[in-house]
Each structure stands twice: as structure tokens, then as C-alpha cells.
Amino acid sequence: MHNIVARGNNLFAFLSSCTMALLAAIALSSFLFTPIPTGVVDITSLKVYNVNARRYRNRKQEVALVNFNLTADLNSLFHWNTKQVFVYLEAKYENTQGANNTVVIWDRIVRRKEDAHINFTGKNKYMFRELSTSFKNVPPANFSLKYNVMPWVGLLTYGEAARTSEPIEFPPVS
Amino acid sequence: MFNEELKAFRRLGFRHVLLQILNFASVIASGLMIWKGLGLFTNSESPIVVVLSGSMEPAFYRGDLLFLTNPPNQRYNTGDITVYKIPGADIPIVHRVLETHDVPNKRKRSRSKDAVKTPQNSSLPNQLLLTKGDNNLVDDIELYQGLEWLERQHIIGKVRGFLPYVGYVTIAMNDFPQLKYALLGGLGLLALLQRE
């Protein structure tokens with residue numbers, strides 16, 4: 001009963017339950033912080049071009065080119081259980097067939113609190129295409145800056161930091 | 001070396017061995033029950049997965065444990081991290097949703113005619129998804145093996161919780177199968193020889 005194996009076993013069991021309790025406490029503690037990230041999304045221009053489709057070289061497809069200014073303060077998202085924050089700019093629109101679409105056009109991984117102040121000017125990182133291959137008559141799109149907080153341990157949380165005040169219209173093909 | 005144990009084994013007799021086998025079986029059975037119960041609760045065929053590749057670094061590394069749910073009446077959003085399995089591919093992939101397209105349920109009528117597969121929830125639109133690994137430069141179209149979009153039926157679940165490193169045990173066991181057998185054999189032997 002009191003041999004070395006039993007003692008080792010007991011010690012190990014005790015240590016692992018302590019670790020589990022500690023991890024659970026850390027995971028729960030991240031709900032004590034209430035983040036209030038702020039930001040501004042400003043779409044400076046939106047153009048539509050006709051390019052070759054990705055898979056089918058002989059087929060044409062329209063893509064949108066978005067230029068935007070982005071400022072965001074994500075400082076409040078960083079607490080002791082934040083491993084990284086994934087920030088992304090999403091375009092949301094309904095196409096002429098009645099399908100709701102959300103497309104991520106830009107993203108960034110923020111790993112340190114020092115980098116949490118985002119100031120970005122540029123164009124979309126990922127191709128912005130339409131399911132029906134054409135943006136003709138597509139209603140205006142809303143752009144919003146969203147984030148995903150990824151913890152060291154525990155639950156992933158999502159939120160929105162900024163959005164455009166009014167929808168942006170798709171111009172005709174240039 | 002094992003004389004002592006063998007002697008004890010003889011003294012305890014056949015019934016004891018049976019009892020220990022029963023104990024061992026009940027441990028395995030309850031493990032299986034918890035796993036399957038969790039699967040039922042989360043509506044996911046595998047509610048806990050181990051990250052096998054580095055395509056989501058620096059968020060998830062090899063050996064991290066992910067907890068999934070797959071609620072049937074919820075749509076997937078951009079930024080969600082999904083675990084999906086393309087038919088024909090042997091391992092599930094953990095990647096983030098880049099595009100969602102909620103196509104109104106038009107295709108469903110033709111599908112119900114065949115009556116092969118009923119959709120999980122008819123109130124939900126048919127979602128077409130595109131995913132990308134955070135650490136990859138391009139999206140996943142090449143991984144879809146000819147499919148244009150990922151659909152709901154390919155998705156195992158959405159990542160909700162994260163626990164680092166713990167899953168490395170299973171990776172080690174896959175990389176060194178001897179370890180697996182040694183562990184299983186050791187456990188089995190221990191269960192048989194244990195005296196209470």
C-alpha cells in the first residue's frame with residue numbers, strides 16, 4: 001500500500017488534478033475582462049475589374065479591388081490569457097440571386113500588445129470575387145472589422161471592432 | 001523476477017482474473033461511452049481533435065487539443081475555425097473560414113427526390129465555404145480535391161476551446177507504434193496483477 005509506486009501514483013494524480021483546476025481557473029478568468037476595442041474602417045475606393053477565372057483560364061470573372069484605411073485600438077483585448085488576436089476585414093453583401101455572402105478581404109495576426117494599435121492603408125489581401133462571377137446590379141456591401149481572441153487555454157471569443165457607417169456600392173466594370 | 005506476482009496470481013485464482021478483466025472492460029466501455037455521449041451532445045463525429053500540422057501556427061501547434069461543437073441550427077461565419085474532412089482525404093484539416101455564401105435552398109428539392117440524404121436542418125440555407133490556414137499563403141481550393149466549395153456535410157465542427165500540448169501523447173503514439181503497444185500491454189498487465 002505504501003510502496004514507491006503507490007506514492008508516485010498518488011502524487012502524480014494530485015499534481016494533475018491541481019494543474020487541471022489551475023487551467024480551468026485561468027480559462028474562466030478571461031471572462032472577467034470586458035474588452036472595448038475601437039476602430040475606424042474607411043473604404044477609400046472600390047473598383048471592379050474583369051480577370052481570368054482562377055481554375056478555368058478560358059472563363060472570365062469579375063473581381064473587386066478595395067482600397068481602405070484602417071485604424072484600430074485592440075489594446076483592451078490583450079490580457080494574461082491572450083495568445084494572439086486574429087483581426088480581419090469582412091465584406092458582407094447579398095447578391096442578385098438572394099445569397100448572403102461574407103468574404104474576408106484582409107487579415108492580420110496580432111501577437112503582442114505593442115502591435116495592438118493597427119494603422120493600415122492598402123488594398124485587399126485576398127481576391128474578392130462573386131459567386132455568380134459578376135458584381136453587376138449587386139446591392140452595396142457593408143465592411144466590418146472583426147476579431148477573434150485566441151487564448152493560451154480556454155474558449156475562443158469573437159467580436160466586432162468597427163464597421164463602415166454606410167454600405168459601399170459596387171461600380172460598373174472598369 | 002515475476003515469481004512473486006505469479007504466486008499471487010495463483011493464490012487469487014480464476015475468479016479474480018475474471019473480475020479484473022471485467023474491471024478493465026468497464027473502464028474501456030465508460031471511456032467509449034463518454035466519447036460517444038460527447039459526440040451526441042456536440043453533434044460532431046469527433047468532438048475533440050489533435051492538431052496534426054502547422055498550418056494554423058502561431059495559433060495552433062502540433063499536439064494541441066481542440067474542442068469542437070457543430071450545432072445543427074447555426075450557420076458558420078467568417079473567422080470561425082472549422083475542422084473538415086474531404087471525402088477521400090485520410091486526415092481532417094483545421095482551417096479558418098475565409099468566405100461564406102448562403103445559397104437559398106434551391107438544390108434541396110432535387111435532393112429530396114433522390115431521398116438519399118436529408119439535410120440536417122431545412123431552415124438553414126445551403127452554405128458554401130472557403131477556408132484557409134492562418135500560416136498558409138493561399139486558400140484551400142487545392143486541398144478540396146476537385147470540389148469548388150466546402151459544404152456543411154464535410155465539416156466535423158467548429159473550434160470552441162483550446163488546450164495546448166496535451167494531444168502530443170497521441171502523436172507520439174502514432175509516430176512510435178511500439179510505445180502504443182507497450183502502454184496498452186503495460187496497462188493490461190497492471191490491471192490483471194493489481195491487488196485491491
Side-chain angles (χ1 to χ4, degrees), chain A residues 1 5-6 9 16 19-20 23-24 26-27 53-56 81 83-95 97-112 125-132 144-160, chain B residues 56-61 64-69 75-82 96-107 124-142 144 146-149 158-166 190 193-196:
Chain A
M1 203 61 204
V5 178
N9 193 9
S16 51
T19 319
M20 296 269 265
L23 288 177
I26 292 171
R54 184 165 159 187
R55 275 199 166 167
Y56 314 97
N81 194 20
K83 185 180 194 178
Q84 67 167 40
V85 175
F86 182 83
V87 211
Y88 53 104
L89 184 64
E90 174 200 277
K92 187 173 185 178
Y93 66 96
E94 193 180 328
N95 70 4
Q97 282 88 40
N100 279 309
N101 307 281
T102 54
V103 179
V104 173
I105 58 171
W106 177 87
D107 65 13
R108 177 182 279 181
I109 296 169
V110 184
R111 303 184 68 185
R112 302 182 305 159
K125 189 168 155 185
Y126 305 119
M127 206 186 226
F128 186 2
R129 340 163 259 167
E130 222 294 301
L131 205 57
S132 63
S144 54
L145 185 71
K146 300 194 168 181
Y147 61 84
N148 169 215
V149 182
M150 314 189 75
W152 288 107
V153 59
L155 297 178
L156 279 71
T157 48
Y158 290 84
E160 189 179 291
Chain B
M56 283 297 279
E57 282 177 25
F60 303 146
Y61 289 88
D64 290 348
L65 218 59
L66 305 175
F67 299 88
L68 315 181
T69 63
R75 53 188 295 282
Y76 279 74
N77 301 308
T78 52
D80 283 345
I81 301 167
T82 57
R96 198 186 290 273
V97 175
L98 196 68
E99 291 182 19
T100 72
H101 303 279
D102 299 14
V103 182
N105 272 321
K106 230 180 276 167
R107 224 184 290 172
L124 268 185
N126 191 15
Q127 269 199 313
L128 303 177
L129 303 174
L130 180 69
T131 54
K132 174 185 168 288
D134 285 2
N135 201 22
N136 294 352
L137 286 172
V138 291
D139 56 43
D140 289 353
I141 284 192
E142 302 307 320
Y144 293 166
L147 293 172
E148 200 87 8
W149 301 96
K158 181 191 294 196
V159 177
R160 302 312 281 266
F162 170 78
L163 190 64
Y165 309 128
V166 182
L190 217 65
L193 296 177
Q194 210 173 40
R195 275 169 287 169
E196 268 139 53

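Numbers restart at 1 for each chain; the letters A, B, ... are given by sequence-line order, proteins then strands. Every heavy atom of this structure was used, including side-chain atoms; hydrogens, water molecules and symmetry mates were not.
The distance from the OG1 atom of B/Thr78 to the CG atom of A/Asn101 is 11.5 Å, given to the nearest 0.5 Å. Expressed to the nearest 0.5 Å, how far CD of B/Glu57 lies from CD of A/Gln84 amounts to 10.5 Å. The CG atom of A/Asn100 sits 8.0 Å away from the OG1 atom of B/Thr100 when rounded to the nearest 0.5 Å. Note that CD of A/Gln97 is 12.0 Å distant from NE2 of B/His101, once rounded to the nearest 0.5 Å.
If you measure heavy-atom distances from B/Ile141 to chain A, the contacts under 4.5 Å come from both the backbone and the side chain. Neither the backbone nor the side chain of B/Gln127 comes within contact range of chain A; no heavy atom of the residue lies under 4.5 Å from a heavy atom of that chain. When heavy atoms are compared at a cutoff of 4.5 Å, A/Lys146 does not approach chain B at all.
Shortest non-hydrogen contact noted between B/Pro104 and A/Gly98 is CG-O, 3.7 Å. The nearest pair of heavy atoms linking A/Pro151 to B/Phe162 is O-CD2, 3.4 Å. Closest non-hydrogen pair, B/Ala59 versus A/Lys83, comes out as O-NZ, 2.7 Å.
Put simply, the side chain of A/Tyr158 never gets that close to the backbone of B/Asn77: no donor and acceptor are under 3.5 Å apart. Side chain of A/Tyr126 to main chain of B/Leu98: no donor-acceptor pair is present (N/O by atom type, distance under 3.5 Å, no hydrogens or angles).
Side chain to side chain, B/Arg96 and A/Asn148 meet the donor-acceptor criterion of an N or O pair below 3.5 Å.
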Begin from the C-alpha positions of B/Ile81 and A/Met150 and carry the test side-chain contact (heavy atoms from CB on, under 4.5 Å) through to its verdict. CA-CA 11 Å; B/Ile81 301 167; A/Met150 314 189 75; 3.4 Å; yes
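The neighbour count for A/Lys92 NZ, taken as heavy atoms of other residues, nucleotides or ligands under 6.0 Å away, does not exceed 12.
Of the residues considered (A/Asp107, A/Asn95, A/Leu131, A/Leu23), A/Leu131 shows the highest number of contacts with chain B, using heavy-atom pairs under 4.5 Å. Comparing A/Ile109, A/Thr157, A/Ile105, A/Val104 by how many heavy-atom pairs each has under 4.5 Å with chain B, the most go to A/Val104.
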